[in-house]
Amino acid sequence: MGSTQAINSRTAAIVAVAELGEEAMALLRADLHPLDFVALLMENSLFPDAVRFIAHALPKREAVWWAWVCARRSAGENPQPKIKAALDATEKWIAQPNDDNRRSAMAAAQEAELGTAAGCAGLAAFFSGGSLAPPDAPPVPPGEFLAAKAVSGAVIFAAAARQPERAPERFRSFVAQGVEVTNRVKLWEPRS
C-alpha cells in the first residue's frame, strides 16, 4: 500500500505545479497512477494538459531532449536557418549541458523566436539551471518550473503550429514519446 500512496502523491505533486485546466483537474482521482492519468487526459483529448503533466514530471535534461525531438520533427527535413541553428544549439546543450552551451541555446532561441517549437526548446535549455543574469552579474537562478513551461510550449507548438488539422495525431505521437522517456528514466514505479 505504501508504494501506491507514493505514486498517488507523485501524481498530486505534479498536478499541483503543472497548471492544468479545469477539465483535466476534474479527471483527477487519488488512485490514478501518473501514466493512467496521462492516458485519461489523452482519452479526453486534453492534449496540452497531458504535455504539461509530462513536462513537469521529467528531469530537466530529459524534458529538454523531448522538446528538442518534437521541435526537430516539426521543423521537417529542411528547416529555416534560424530554426536549424536553435535546434543545433539545443542539441549541443543536451550533449554537453554546460553554461556556455546553455547561453548559446538561449541566443539561438531568441533568433528563432520564442513563439516557435525550436525557440521554446532552446529557452527550456536556458531555464534548466545556471543563472538568468549575464555571466558577470550576480547569479539569478531560474524559477523551478520555467524549464517545464518552455518544454510544454515547445511540444505544443510542435504539435499545433503547422497543419493544425493534424495536431491530434501529432499530440498522440509526442505524448507517447514523452511517456516512453518517463519509462526509460524509470520515473515511476510500475503500475500494480
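With sequence neighbours excluded, no residue forms a salt bridge (Lys or Arg N to Asp or Glu O under 4.0 Å) with K92.
Aromatic ring pairs are classed by plane angle as parallel below 30°, tilted from 30° to 60° and perpendicular above 60°; the pair F145 and H56 is tilted.
For the pair R184 and E62, the salt-bridge criterion is not met [side-chain N within less than 4.0 Å of a carboxylate O].
The shortest distance between side-chain heavy atoms of P142 and F126 does not fall below 4.5 Å. Looking at heavy atoms from C-beta onward, V51 lies in side-chain contact with W66 at the 4.5 angstrom threshold. At least one side-chain heavy atom of N183 sits under 4.5 Å from a side-chain heavy atom of L35. Considering only heavy atoms from C-beta on, F171 stays 4.5 Å or farther from S45 through its side chain. Side-chain atoms of H33 and R10, non-hydrogen and from C-beta on, never get closer than 4.5 Å to each other.
Residue D49 is tested with L40, L41, N44 for a side chain to side chain contact (heavy atoms under 4.5 Å, CB included); the sole match is L41.
Among residue pairs with one or both ends in residues 152-167, those qualifying as side-chain hydrogen bond (donor to acceptor under 3.5 Å, both in side chains) are Q163-R166, Q163-R170, R166-E169; sequence neighbours excluded.
With hydrogens and angles disregarded, a donor-acceptor distance shorter than 3.5 Å links the side chain of S131 to the backbone of V140. No donor-acceptor pair under 3.5 Å is formed between the side chain of S74 and the backbone N or O of C70.
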Would you sort out whether W68 and I94 count as a side-chain contact (heavy atoms from CB on, under 4.5 Å), showing the intermediate values? CA-CA 9 Å; W68 171 79; I94 293 165; 3.7 Å; yes
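The two residues C120 and A150 come nearest to each other via the heavy atoms CB-O, 3.4 Å. A pairwise comparison of heavy atoms in I14 and A57 identifies CD1-CB, 3.5 Å as the closest pair.
Judged by a 6.0 Å distance limit and a 45° cone about the ring axis, R61 is not positioned over the six-membered ring of W65.
Remark: the S173 side chain and the R73 side chain contain an N/O donor-acceptor pair separated by less than 3.5 Å.
Note that the CZ atom of R172 and the CE atom of M42 stand 6.0 Å from one another [nearest 0.5 Å].
With a 6.0 Å radius and a threshold of 12 heavy atoms from other residues, nucleotides or ligands, E180 has its CD atom above the threshold.
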